[in-house]
Structures are given as C-alpha cells and as structure tokens.
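Read through the structure below, which is laid out as structure tokens, and then see the notes.
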There are 2 protein chains.
Amino acid sequence: MMLQEQRHQKIESFLKQQKAVKASELAALLDISIDTVRRDLEVLEKNGIVKRVHGGAILTQKSDNVLNRLFNEREVKNLEKKQEAASIAIELIEEGQAIALNGGTTTIEIAKVLVDKFKRLTIITNDLRILSILGKNKNFNVILTGGFFNPEEYTLYGKQCEEILSNFNIDIAFLTVNGLSLEHGLTDFRMHEVGVIQTMISRTRHKVVVADSSKFETSSYINVCPLKDIDLIVTDSSLPSNTIEEYSKKNIRILSPH
Amino acid sequence: MMLQEQRHQKIESFLKQQKAVKASELAALLDISIDTVRRDLEVLEKNGIVKRVHGGAILTQKSDNVLNRLFNEREVKNLEKKQEAASIAIELIEEGQAIALNGGTTTIEIAKVLVDKFKRLTIITNDLRILSILGKNKNFNVILTGGFFNPEEYTLYGKQCEEILSNFNIDIAFLTVNGLSLEHGLTDFRMHEVGVIQTMISRTRHKVVVADSSKFETSSYINVCPLKDIDLIVTDSSLPSNTIEEYSKKNIRILSPH
DNA sequence: ATTAATCTTGCATTAACACGCAAAACAAAA
DNA sequence: TTTTGTTTTGCGTGTTAATGCAAGATTAAT
C-alpha cells in the first residue's frame, strides 16, 4: 500500500497528461479501492487541484496551465542568452536610480546581476522571485507591488498592483514579454501580467524591453503595446544583424553585445 | 546498534532517492523498532528535512518553492502554545469569508491550519511566509499587500501597504502583537508593523488578537491601540484563570481551550 | 421509465499513532 | 570498578486515522 501523499502526487501528474480520468481507472492503476480514490479526489478538490465530476475528475484550469509549463521549459533553454542580455541591460543603470522589473525569467537574471553590481538602488517589482534575490542586499530599497497572488508564477497582479505602481516615478523599467514583432509589437500570454507591464510603461521615463534573440518576430495572444511606445530593446549576441537593421529602419533601437 | 546521527543520515539519503518511505519500511531496513523510526522522523521533521505523514514520511521539497528557500526558519518560541491558540482561533471563521493576517509567527500557525481546514477563503496579508503557505491551496484568493520590503521579518509595510488594505472590507482580522496588558493595551516593538495592524483594525468587522499566554501583561515600546478597540483575545490553555477574570471585569473577552 | 453505473453515508476493521513507563545503554563522577 | 544520573529504546496502553464494504440515493444513458 502506498502513502496518501504519493497517491495524490501520482493522480495529479497523471491528470496533467490526460486532462480527465475515471475513478475506476485510477482504482485499477493504483491498486486501491474505488472508495479510496474518491477520498483522494476529495482532498485534491479541496486544494483546488482537480474538479470532481460524475465518473471521475478533471484538472482545474489553474493547474492545467499548459502555457506556463511551456514557458518554464523555455527558461532553461535560453538561460545563457538571458544572462548575456541582462549584463548588457544593467549598463544603462546609474547608482541611486529607481528601477522597475516586471515578472519573468529574464528580469530574474537582471536582478541577480543588480545585487552584485550596485550599492544603492530603489527597485519595484511584482515578482516574488525577484524580491527574494534582491532582499539579500540590505542597501537596496525594495518595493513589492501588492495584489492578487499567482502561485504558478509567483507574481502579483490586479488593480491594487497597478495602483501602487502609479505612486512611483520610475527611472528605468526593464520589461520582459513573451513575444515581440514589428507587426504586433509587444505581446504576451500571461493574461494578468499585461496590465502590470502597461502600467509600468506609463510610469517610467526609460522603457527598456529585455528579450533574448529567440523572442524576436514571435507573437503571443495578448497585445501589450506597439514597439514605438518603448525606448530600447536589449538582447543577446545571437540576433541576426539584418533583424537589427530592419528594426532600425522603423526607428526601433536595439542594443546588443557586438 | 547504530547511532542516532547515522540513522538520520541514512533515512535522509534514502529519502533523497525514494522521495517517500513508510515507517515500517525503515524499521525493517535499519533493523530498529517502529517507535525509534517515529522518533527519528520527528527530529528530522523539526529540522525541516522531512514531512511526516500518516504511515511514514516524505521529503520536503524546499528547492521547488522559491519562497521557502528564502526563509531561514528561525526558532519559534512557544510553538505548541501558538498552535493551540491557532486551532481555537480558526473556529471563528466561516467558509468564504475575507480574513486578514498581519505578520508574525502566531499568524503563520493560523495560516497552516487554514490551508487544511477550509475550502474557499479570501485572505489578505503583509507577510510573505504566510503567502507561501497559503499559495498551496489553489482555491484560496490570496492577496498580498504591497509596500516596502522588510528583509528581517519578510513582511511589507508603509503607505502603499496600508492603502491597499483600505480597499478591502475584512470579516475577521487575526492580529499578533508583541505584548498586551490592561494598562498599555496592545504594544509592539516592530516599528513598521504597528501601522499595518492599526489599518487592519480600522478595516475589519471582527478584530481578534491571537496571543499565546506568555504575551499577557507584558508590554513593548510602541502603543498599537487600547484593548477596548478589539473584540476578542484568543490564547492557549496555560493562561491563569485569574488573569481571565481580571480581563473579564474590564469587559475584555478572552477565548481559550478549557 | 427503466437500467446500470456512480456517488454518498455510515460503519467495522485494521494499521498507525501518541503517551507513559521501565529496562537497557551510555556517560560522568566517585 | 562502582555508583549515579542521563539518554535512548522498546513495549503496553488507549486513541486516532485510513481503508474497504454495504445500503440507499443520485446521476446518466437508453
């Protein structure tokens, strides 16, 4: 016989692949009675992992965030490129400035560099992972936006989040989005993050998008803003020079380590 | 017979491979009684290595929780008493209510109980440790106040923090303070926390102070509010009955498990 | 409307548990 | 070595939690 927690984990991971499962199926698969399956599903439902239906259970939308999983996988893939872009981006910063960082794996890399390279900064963010990195430097004035908690991304969002941002005059915002293209501008699939990015843009003097080269000429579901609304794009060395030229023709500045 | 330390190491390394074990398994494997296994697991749990479950134990995955990694868990004083008070306090809550929890080790214990006992709640807090606990339940609507980050306490404070609080109508606030006495009322030494507590009180219908018995008739540097501003004090079973009577004479209600 | 499958509820059985106690193992002092 | 005190361990006690089964209720499908 297996431990409860183990079964719960197995059921959850099974559902992440199958979307739906019959109770009788699970009983056979885990070699337990159907009653125990029901009780397990009951617990998982209480924690918001699954939704129980007649005959079995389905994943809740919150747990079924396929896009998030893709996003997380990509993070590992382009880590070096993000680090490269991050190290370029921080050269725009001067000691003592007020910086904004929205949620995302690229901005996390920026935060890591900031901690070591600067003495005194004010940084506002809606990402708890960034907060945990910046918290190590006691000289930094770190401000976290409030708002609703997104446990998948460890970010905050919503009206309260944006309201706090509106209280600040930010020198530089480093923004990460999921896609950027000449045609669609900045785009993202993170429904809740879009509003945060837009608010940061509206409160900031220098709007800088930091994007590794793989993001160029891709687009996602939700429009954030046209490229003309931002001042600069910082990227890594792998971006083809003809892309830089194309963008330059449309008066979009790109900074890359060449 | 093996030394304690050796067993602990063996159990730990075994768990690192298997991620879960049954207590009976360990007893057979290490050739010790099941009682000793339980005692070993008890120690390992206190050190945060494993999580004990019915039938055995599972490895705590600190690495997969960004927030947990940040929290170097300090020794908590009077933990059992706080847990006792917490379990009483949650009986005041009804499903679906909006709860506020300010920063503190006692409210952390409340959060731990909430996750298991309730299905749907809205919870607002300024404590990141509480956020990380509540994030596990996907049905909860968790709101974090924004504001300046206090890396010592993992809490948020300041004007922005209090402004967000003012947007909400809270059903019950569970408040922890450093001292409470008939003479000075609620007091605290956490300079930044005081404003948060006061704001929570002003936005809440039922103001409940949760304090283990050691806090009674002690006071700290900063005044938070007089006792008459709160509706109820919840505490543990170690509070002397004459203290309860004294408070009752002044119309201060105390709830304790007797 | 009828049937078959699934669900809920309560209950009995079993395993796991906490607690107290005494024997055993160990360590320190005489 | 012996004595004394402390810690660790294993066992018996009653208690709690998990599981599977059964009976009646509910749902979905024909």
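Note that these values count all heavy atoms, side chains included, but never hydrogens, waters or copies made by symmetry. Throughout, protein chains are lettered first and strands after them, A, B, ... in sequence-line order, and every chain is numbered starting at 1. The model shown is predicted, which means the values in this text are computed figures rather than measured ones.
If you measure from atom CG of B:Leu30 to atom C1' of D:dT9, you get 14 Å, rounded to the nearest angstrom. At whole-Å resolution of the value, CD1 in A:Ile32 and C1' in D:dC21 are 15 Å apart. Regarding A:Leu26, its CG atom lies at a distance of 16 Å from the C1' atom of C:dC7, rounded to whole Å. Here the P atom of nucleotide D:dA17 and the CD atom of A:Glu5 are 16 Å apart, to the nearest Å. Atom pair A:Leu41:CG and D:dT19:P shows a separation of 13 Å (rounding to whole Å applied). Protein atom CG of A:Asp40 is 13 Å distant from nucleotide atom C1' of D:dG20, rounded to whole Å. Put simply, CZ on A:Arg7 is 8 Å from C1' on D:dA18, counting in whole angstrom units.
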Taking N or O atoms only and anything under 3.5 Å, show me the protein contacts with nucleotides 12-19 of chain C, one pair per line.
unit_1, atom_1, unit_2, atom_2, d
C:dA16, O4', B:His54, NE2, 3.4
C:dA16, O3', B:Gly55, N, 3.1
C:dC17, OP1, B:Val53, O, 3.3
C:dC17, OP1, B:Gly55, N, 2.8
C:dC17, OP2, B:Arg38, NE, 2.7
C:dC17, OP2, B:Arg38, NH2, 3.0
C:dC17, O5', B:Arg38, NE, 3.3
C:dA18, OP1, B:Arg52, NH2, 2.7
C:dA18, OP2, B:Arg52, NH2, 3.2

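Ring geometry for B:His192 versus B:Tyr157: interplanar angle under 30°, hence parallel rather than tilted (30 to 60°).
If you check the side chains of B:Thr105 and B:Lys82, you find a donor sitting under 3.5 Å from an acceptor. Of the N and O atoms on the side chains of B:Ser237 and B:Glu84, at least one donor lies less than 3.5 Å from an acceptor on the other residue. A donor-acceptor contact closer than 3.5 angstrom is absent between the side chains of B:Thr199 and B:Ser202. Between the side chains of A:Asp40 and A:Gln4, no donor-acceptor pair is found at a separation under 3.5 Å.
Tested against A:Glu45, the residues A:Arg39, A:Lys51, A:Arg38, A:Arg52 include a single salt bridge (Lys or Arg N to Asp or Glu O under 4.0 Å) partner, A:Arg52.
Remark: A:Gln4 is in phosphate contact with D:dT19, judged by side-chain N or O atoms under 4.0 Å from OP1 or OP2.
For A:Asp31, the CG atom is loosely surrounded, since the number of other residues' heavy atoms within 6.0 Å does not exceed 12.
The aromatic ring centres of B:Phe216 and B:Tyr247 sit less than 6.0 Å apart.
Taking five base pairs at each end of the helix from C:dA1-D:dT30 to C:dA30-D:dT1, the local helix axes there meet at an angle of 40°, rounded to 10°.
The existence of a salt bridge linking B:Lys138 and A:Glu152 is confirmed by a sub-4.0 Å separation between a basic side-chain nitrogen and an acidic carboxylate oxygen.
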